[in-house]
Amino acid sequence: MNLNKNYAVFILLLLPLCALAQGTYVPLDRETYHIIDRLQVKYGNKVPELHTGIRPYRRLDVAKLAEEAHWNQNDLSEADKFNKEYLLN
């Protein structure tokens, strides 16, 4: 009986680790993916984790791309600045 109790406690302790392994993806939206592809052309070499050939994109990778654009916003047009802010929010 004690062994079953220890086994149950062990499983309950491991359960949160499984939940952390899940990724969150950007919703499949044509306009959003167009914006991401556009920024990836400009800054893709600085964010090698983002592969635009594989969809859906992870939010973390898109956020890194938008932050890279934020730090180099002197190179951005007004439309790209707006799109960068859209991705960061």
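All values below come from the heavy atoms of this structure, side chains included, with hydrogens, waters and symmetry mates left out.
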- Item | Pairwise side-chain contact, Asn72 with Lys46, heavy-atom cut-off 4.5 Å (strictly under) | yes

- Message: With a sphere of 6.0 Å drawn around NE2 of His34, does it hold more than 12 non-hydrogen atoms of other residues, nucleotides or ligands?
- Response: no

- Query: Looking at Lys81 and Glu78, does any basic side-chain N land under 4.0 Å from a carboxylate oxygen?
  - Reply: yes

- Compute the centroid of each ring, for Tyr57 and then for Tyr25, and state whether the two points are separated by less than 6.0 Å. no

- Task: Might you point out which heavy atoms bring Lys84 and Ala69 nearest each other, and give the distance in Å?
- Result: CD-C, 3.9 Å

- Report yes if the side chains of Lys42 and Asp75 come closer than 4.5 Å at any heavy-atom pair, otherwise no. no

- Message: Please check this pair: side chain of Tyr86 against backbone of Ile35, looking for a donor-acceptor N/O pair closer than 3.5 Å.
- Response: no

- Does a salt bridge link Arg38 with Asp80, judged by any charged N lying under 4.0 Å from a carboxylate O? yes

- Message: Does any part of the side chain of Pro56, heavy atoms only, come nearer than 4.5 Å to the side chain of Leu28, both counted from C-beta?
- Response: yes

- Item | Point-to-point distance, once rounded to the nearest 0.5 Å, from CG of Asp61 to OG1 of Thr52 | 11.5 Å

- Message: Measuring from atom CZ of Arg58 to atom NE2 of His51, what distance do you get when rounded to the nearest 0.5 angstrom?
- Response: 9.5 Å

- Message: Tell me the closest heavy-atom pair linking Ile36 and Val26, and the distance in Å.
- Response: CD1-CG1, 4.3 Å

- Item | Nearest-0.5 Å distance that lies between atom CD in Glu67 and atom CG in Leu87 | 11.5 Å

- Query: Looking at side-chain heavy atoms only, is the closest gap between Leu76 and Leu39 below 4.5 Å?
  - Reply: yes

- Are Lys64 and Pro48 side-chain neighbours, meaning at least one heavy-atom pair lies under 4.5 Å? no

- Task: Answer yes or no: does atom CD of Glu49 have more than 12 heavy-atom neighbours from other residues, nucleotides or ligands under 6.0 Å?
- Result: yes

